[in-house]
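Report on the structure given below.
Source: prediction; values computed, not measured. Numbers here are sequence positions counted from 1.
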Amino acid sequence: MIKTAGQLISEAQTQISCVDAASAKSLYDETGNAVIIDVREANSAAQSKLTDSTNISRGLIEMKVPSLCPDPETVIFTHCGGGGRASLAALTLTQMGYTNVHAITAKFEDIKKVFG
């Protein structure tokens, strides 16, 4: 049986830390050196992005995050347009060995309102 994207996302969300926008912002402000990764495609990020985010499309996570975050204990937030890709990216980062990864599972517009 082939799993749907929704099933894969639901499974990922049982294995990762999912946070809403307000909780993410609070944790981000407390941490001081956290990284926000926008896993949307580059054209979406070019249209509108969070002030402190770095765009790394989900398909490039494994190749680009190690140079951005060499410390596996770095607090990392992933976000996308609605939480699905952020969840899948967070699972990948966790599987890579990162220990403080959180997927912001809100819509981009809501995240943008909270983070700016």
Item checked: From CD1 (Ile36) to OG1 (Thr54), nearest 0.5 Å -> 8.5 Å
Notebook entry, point to check: Taking atom types as modelled, is there a side-chain donor on Thr99 or Glu73 under 3.5 Å from an acceptor on the other?
Noted result: no
Notebook entry, point to check: Counting heavy atoms not belonging to Lys49, are there more than 12 under 6.0 Å from its NZ?
Noted result: yes
Item checked: Glu41 with Arg58: basic N within carboxylate O range, under 4.0 Å -> no
Next item on the list: Decide yes or no for Tyr98 and Pro66: does some side-chain heavy atom of the first lie under 4.5 Å from some side-chain heavy atom of the second?
Entry: yes
Checklist line | Side-chain donor/acceptor of Ser53 to backbone N/O of Leu50, under 3.5 Å | finding: yes
Checklist line | Student check: side-chain heavy atoms of Leu27 and His102 closer than 4.5 Å | finding: yes
Item checked: From Thr78 atom OG1 to Arg40 atom CZ, the distance as rounded to the nearest 0.5 Å -> 12.5 Å
Margin query: How long is the straight-line distance from OG1 of Thr14 back to CG of Leu91, given to the nearest 0.5 Å?
Written below: 8.5 Å
Item checked: Derivation of the side-chain contact (heavy atoms from CB on, under 4.5 Å) call for Val65 and Ile37 -> CA-CA 9 Å; Val65 171; Ile37 301 174; 3.7 Å; yes
Next item on the list: Find the distance between CD1 (Ile56) and OG (Ser67) and round it off to the nearest 0.5 Å.
Entry: 7.0 Å
Next item on the list: Can you measure from CD (Gln95) to CD1 (Ile61) and round to the nearest 0.5 angstrom?
Entry: 12.5 Å
Next item on the list: Give the minimum heavy-atom separation between Ser57 and Ala42, together with the two atoms involved.
Entry: OG-N, 3.7 Å
Next item on the list: Locate the shortest heavy-atom distance separating Cys80 from Ala86; write the atom from each residue and the value.
Entry: SG-N, 3.4 Å
Next item on the list: Please list, chain by chain and in numerical order, all residues satisfying ring-ring contact (aromatic ring centres under 6.0 Å, His included) with Phe108, sequence neighbours excluded.
Entry: His79
Margin query: Give me the atom names and distance for the closest heavy-atom approach of Ile76 to Cys69.
Written below: CD1-SG, 4.0 Å
Next item on the list: Please report the shortest heavy-atom distance between Val101 and Leu93, naming the atom on each side.
Entry: CG2-CB, 3.9 Å
Checklist line | Thr4 side chain to Gln7 backbone, donor-acceptor under 3.5 Å | finding: yes
Next item on the list: List the atom of Ala106, the atom of Ile111, and the distance in Å for their closest heavy-atom pair.
Entry: O-CD1, 3.5 Å
Next item on the list: Give a yes or no on whether the backbone of Val19 and the side-chain of Ser23 come within a donor-acceptor separation of less than 3.5 Å.
Entry: no
Note to self: So does Leu88 get a backbone contact from the side chain of Thr92, meaning a donor-acceptor N/O pair under 3.5 Å?
What the structure shows: yes
Notebook entry, point to check: Any link between Leu60 and Met96 through a network of hydrophobic side chains (Ile, Leu, Val, Met, Phe, Trp, Tyr) touching at under 4.5 Å?
Noted result: yes
Next item on the list: Apply side-chain contact (heavy atoms from CB on, under 4.5 Å) to the pair Ser87 and Ile16, showing each step before the final yes or no.
Entry: CA-CA 7 Å; Ser87 298; Ile16 61 169; 3.8 Å; yes
Checklist line | Pair Tyr28, Asp52: side-chain N/O donor-acceptor within cut-off below 3.5 Å | finding: yes
